[in-house]
Amino acid sequence: MIAKNFSQELFSLSQRVAFVTGAGSGIGQTIACALASAGAKVVCFDVREDGGLRDTVKHITDIGGEASLFTGDVRQLSHLRDAVAQAKSQYGRLDIAVNAAGIANANPALEMEAEQWQRVIDINLTGVWNSCKAEAELMAECGGGSIINIASMSGIIVNRGLEQAHYNSSKAGVIHLSKSLAMEWVDKHIRVNSISPGYTATPMNTRPEMVHQTREFESQTPMQRMAKVEEMAGPALFLASDAASFCTGVDLVVDGGFICW
Ligand SMILES: NC(=O)c1ccc[n+]([C@@H]2O[C@H](COP(=O)([O-])OP(=O)(O)OC[C@H]3O[C@@H](n4cnc5c(N)ncnc54)[C@H](O)[C@@H]3O)[C@@H](O)[C@H]2O)c1
């Protein structure tokens, strides 16, 4: 039978340790703070050296949580292994990982040089692969965990008016990588899921080629608006927590209805 505090316990992350990449801005920053508000201790990872990571840790401390930071690049497996080792030495284990680090830009395919293609694939896809590997090494030792990769609706549909074949391909890769690892690691009790956000108001969407299109993004979305960044927190808390204990290999689309049309 269901106990009185069943739902509170289901979503509680107290005693859990989390690791978040891209935690210095936008979706990763908000999810890191949300995990802390549910009780997790959080190691925040980002390549930024401009204070974004420090802001995240300060916010978590201000709301009574516990967090530390690690500055590194998801293209370097050694950085991720060192950061995960920090989670182990500071907090003893790793239960939850959210891989949100990513970049976006646009260029017509016929004009795109190999270097531009490769950089997006290296950060958005190989970076997630590196992250999952480093995280799963410790999670396997700890008896399991939950990995959440931030993909995109661009891994499912092609955004009208945005010439970003490299980005779209990287995100389709993240969705299928997540399903593949979910199956490889099912007997290690490591759940691997992805979240595919629709247009979300973050610094990524203030890049020059996007700003003038914001109105169009809103009108193309059935809900007629972009997501607030906080609207990515609930889906992440769900997948991180025991509420999703039977979910693995799922891509949770959070897009205001976009891919229905
Ligand atoms: N904003 C949107 O509309 C939207 C929609 C769908 C998916 N996404 C995805 O959500 C994720 C977060 O995006 P956001 O909108 O919060 O963007 P953002 O630019 O605010 O945050 C991305 C973070 O990733 C970090 N990062 C970039 N390259 C890195 C690297 N090599 N190593 C470590 N960290 C690195 C950045 O420093 C930044 O702090 C991305 O993967 C993005 O593709 C965003």
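Order of appearance sets the numbers: ligands from 1, and atoms from 1 within every ligand.
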>> Taking E9's backbone N and O only, do any of them form a donor-acceptor pair with S12's side chain (distance below 3.5 Å, no angle check)?
In response: no
> Heavy-atom distance to atom 9 (C) of ligand 1: which of T21, V229, V174, I150 wins?
Replying inline: I150
>> Strictly by side chain to side chain donor-acceptor pair (under 3.5 Å), give each pair with a member in residues 178-188 just once, sequence neighbours left out.
In response: N149-S178
>> Side chain, backbone, both or neither: which applies to S154 and ligand 1 if a contact is any heavy-atom pair less than 4.0 Å apart?
In response: neither
>> Looking only at distances, can you tell me whether any N or O atom of N124, backbone or side chain, sits closer than 3.5 Å to an N or O atom of ligand 1?
In response: no
> Between P197 and ligand 1, is there a nitrogen or oxygen pair with a distance under 3.5 Å?
Replying inline: no
> So L162 and F217, side chain to side chain contact (heavy atoms under 4.5 Å, CB included) or not? Walk me through it.
Replying inline: CA-CA 11 Å; L162 270 183; F217 294 159; 4.0 Å; yes
>> Using a 4.0 Å cutoff against the non-hydrogen atoms of G26, which atoms of ligand 1 qualify?
In response: 16 (O), 20 (O)
>> Tell me which pairs pass ring-ring contact (aromatic ring centres under 6.0 Å, His included) where either residue lies in residues 22-62, with sequence neighbours left out.
In response: F19-F45, F45-F70
>> Which of the numbered atoms in ligand 1 are under 4.0 angstrom from any heavy atom belonging to S25?
In response: 18 (P), 20 (O), 21 (O), 38 (C), 39 (O)
> How does V74 reach ligand 1, if at all, at less than 4.0 Å between non-hydrogen atoms: by side chain, backbone, both, or neither?
Replying inline: both
> Okay, side chain of S152, backbone of S196: is any donor-acceptor separation there less than 3.5 Å?
Replying inline: no
> Between CD of Q116 and CD1 of I121, what distance do you get to the nearest 0.5 Å?
Replying inline: 11.5 Å
>> Taking distance alone, with N or O pairs closer than 3.5 Å, would you say I103 contacts ligand 1?
In response: no
> Between Q29 and D55, is any side-chain donor less than 3.5 angstrom from a side-chain acceptor?
Replying inline: no
> Short question: side chain of K171, backbone of I150 - any donor-acceptor pair under 3.5 Å?
Replying inline: yes
>> Show the nearest heavy-atom pair for residues I96 and A240, with the distance to one decimal.
In response: CG2-CB, 3.8 Å
>> List ligand 1 atoms under 4.0 Å from G198, heavy atoms only on the residue side.
In response: 3 (O), 5 (C)
> Under 3.5 Å, N or O to N or O, is A100 touching ligand 1 that way?
Replying inline: yes
> Quick one: which ligand 1 atoms are inside 4.0 Å of a heavy atom on G72?
Replying inline: 32 (N), 33 (C)
>> Heavy atoms only, cut-off 4.0 Å: how does Q29 contact ligand 1, side chain, backbone, both, or neither?
In response: neither
> Just which atoms of ligand 1 are under 4.0 Å from any heavy atom in R48?
Replying inline: 37 (O), 39 (O)
> Where the side chain of T21 meets the backbone of A101, is there a donor-acceptor pair that is under 3.5 Å apart?
Replying inline: yes
> What is the distance from atom CD of Q118 to atom NE2 of H166, rounded to the nearest 0.5 Å?
Replying inline: 11.5 Å
>> Checking contacts here: is it the side chain or the backbone of T202 that comes within 4.0 Å of ligand 1, counting heavy atoms only? Could be both or neither.
In response: side chain
>> Any nitrogen or oxygen of Y167 lying under 3.5 Å from a nitrogen or oxygen in ligand 1? Just yes or no.
In response: yes
> At a 4.0 Å threshold, what atoms of ligand 1 neighbour a non-hydrogen atom of I123?
Replying inline: 28 (N), 31 (N)
>> Tell me the nearest of M204, R119, H79 to atom 17 (O) of ligand 1, using heavy-atom distances.
In response: M204
>> Can you confirm, on distance only, whether ligand 1 has an N/O atom lying under 3.5 Å from any N/O atom belonging to T200?
In response: yes
>> Within the 4.0 Å heavy-atom shell around N205, which atoms of ligand 1 are there?
In response: 1 (N), 2 (C), 3 (O)
> What is the minimum heavy-atom distance between D251 and S194, and which atoms define it?
Replying inline: OD1-OG, 2.7 Å
> Atoms of ligand 1 less than 4.0 Å from P203 heavy atoms?
Replying inline: 20 (O)
> Looking only at atom types and distance, does a side-chain atom of T200 sit under 3.5 Å from a main-chain N or O of G198, one as donor and one as acceptor?
Replying inline: yes
>> Taking only non-hydrogen atoms of A23, do any sit less than 4.0 angstrom from ligand 1?
In response: no
